[in-house]
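Chain letters run A, B, ... following the sequence lines, proteins first, then strands; residues in each count from 1.
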Amino acid sequence: MKVRDLAALSPGAEWVVVGLPDEPIAGAYTSDMLSDVLAHAPPGGVLITIQAHRNTVAVAMHRGLRAIVLAHHRPVPRDMAEAAQAEGIAILRAPADQYTLSWRLHEHLRDEGVVR
Amino acid sequence: MTLEQAARALSAEWVHPGPAGAATRSLRGVVATDLMSDLLVADRHGHLVLTSLASDQVIRTADIVGAPAVVVVNGKPLPAGMVDLARELGVALLRSTLPMYEACVAVARAAGP
Amino acid sequence: MSVLPINSDQPPLVLQDLLFKLKVRDVMTTDVITVRRADTMRYAQALMKTHRITGVPVAEQGRLYGIVSMDDIITALETGAMDRPVEERMTTRVVVLEADMPLSFGASYFEKYRFGRFPVLDRDHRLCGILASRDISASLLIELYKEYCRLEARVPPLAVRAEPARSIHIRVHRYDFENAGKGAHEIKKTLAAMGVEPAHIRRASIAAYELEMNLVVHSFGGVLRANIGPGEVVVKACDDGPGIADVELALQDGFSTANDWVRSLGFGAGMGLGNVRRVADEFSIQSSAGAGTSVRAVVRWPAAGGAP
């Protein structure tokens, strides 16, 4: 699964920042607590969160994440989008909630054999 | 899916069982969040709450929205006040060592298609 | 067993305590009106009439010989024996109480024998008082009143709680995450007790909770109020500052001025006011930087849905 394929997770999802669409996705982490993301998110993975904040991008960059999927179609503040653009981190707004996005993403990753 | 089934899927530890029958009543859905406002969205109730936030406010929020049970993920230690409040407000409280993402996957698997 | 209209199997602890703690001596009348054996029935009757009592013990130097009851007087009247000495006409098989008996025991006697009063004897079997049923009720009322005053004195003065069913008023302190949410819970409980439908209760308590959390997170402290009227609850949150510079911006979903610490507690995601506006039927906010903020949210429900 590549970054560009994330849009399939939720009908109505829209790209705010496309990032590096052809990079592969190595895993996922779901959290709304940035300190938790900072400590545990898997490098090369995707973050599923509701935290639409510039600090989310800072944390994603620190962990080497490829994309941020914002649940509940959360609006993205301009400074967040600019930071993501500069760092090559994709941002997708999706209408689904964190729970749904998590298990759907897992199904994709499992089908590809990235995870069990 | 019942709370009992969700608990098994999460290998969760029961901290407070909630009111009689809470374990076997079927859940209306699942909310995974660490933000209280996210939980306070009006059109959801009867849901299982998955969160990595371990605080009194989680229980209060669950009570306000009519969520019967809270599972604290990430193996977070629970403050004593949180357990007391769960008892007082009749909210079932469980703890799982799974991270949130894995917890969502495990619960979704238990819930079936 | 008891003359008191209470559940004597399991009366409230305070009452149980009182009934055991109080002895007959604490409650009886010690200034006993008596007659002597040689006094006439007419004298006894006059005494009862003057003092408005229905029975008078016959005693001399503390020794109890009998009791003249209203029944005895009536019999004497019917048989023309009013000028006979009481010694001849009194009831001699007197049921007595002992001064050291617990009051619960004394109370049970009234039920058991259906007499209006019982002479009370001390340890030396001397008449030391008389117990009427009204003595018991009066003393219990006095003791309960004392106990009530004592308990009330221990309760700290709470916020205005005089009409808990209709009006709730809670002081909210800055960064007091421990108590935050109690006001919303109170509102929820009150509406539930009034039989309002759960969906409307949820909307009202969500609005109250978000406003309460806003006071905790963003204000210097303030007051959360709820006024419950027929078919509606008006929730108001007023604070003493610091005020909101741009109200329009604050209402935008995702806009937040919360710091990372507040965010780490699960608040300050910039969803609060939006949530309130979404669940409320009426919403207004007034604020300016440097002054306080006041938010008003009204949640309504149809009268058929169990309105008060």
TODO: Kindly compute the distance separating CG (D32(A)) from CG (L53(B)), expressed to the nearest 0.5 Å.
DONE: 9.5 Å
- [ ] To the nearest 0.5 angstrom, please state how far the CE atom of M33(A) sits from the OG1 atom of T51(B).
- [x]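 OG1 of T51(B) is found 6.5 Å from CE of M33(A).
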What heavy-atom pair brings [X] and [Y] nearest, and what distance separates the two atoms?
X: V105(B); Y: S102(A); value: CG2-O, 4.1 Å
X: T30(A); Y: M100(B); value: O-CB, 3.0 Å
X: W103(A); Y: C104(B); value: CB-O, 4.2 Å
X: Y99(A); Y: A108(B); value: OH-CA, 3.3 Å

Task: CZ/R54(A): more than 12 non-hydrogen atoms of other groups inside 6.0 Å - done: no
- [ ] Determine whether more than 12 heavy atoms belonging to other residues, nucleotides or ligands lie under 6.0 Å from atom NE2 of H40(A).
- [x] no
Task: Member of D34(B), L35(B), T33(B) meeting the side-chain contact (heavy atoms from CB on, under 4.5 Å) criterion with Q98(A) - done: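 The option that passes is T33(B).
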Task: Residue-level contacts of residues 61-94 of chain B with chain A, using a heavy-atom cutoff under 4.5 Å - done: N74(B), K76(B)
Open item on the list: Heavy-atom pairs under 4.5 Å with chain B: which of L105(A), L101(A), I48(A) has the most?
Closed with: L105(A)
Open item on the list: Counting only non-hydrogen atoms closer than 4.5 Å, can you tell me which residues of residues 74-94 of chain A sit against chain B?
Closed with: none
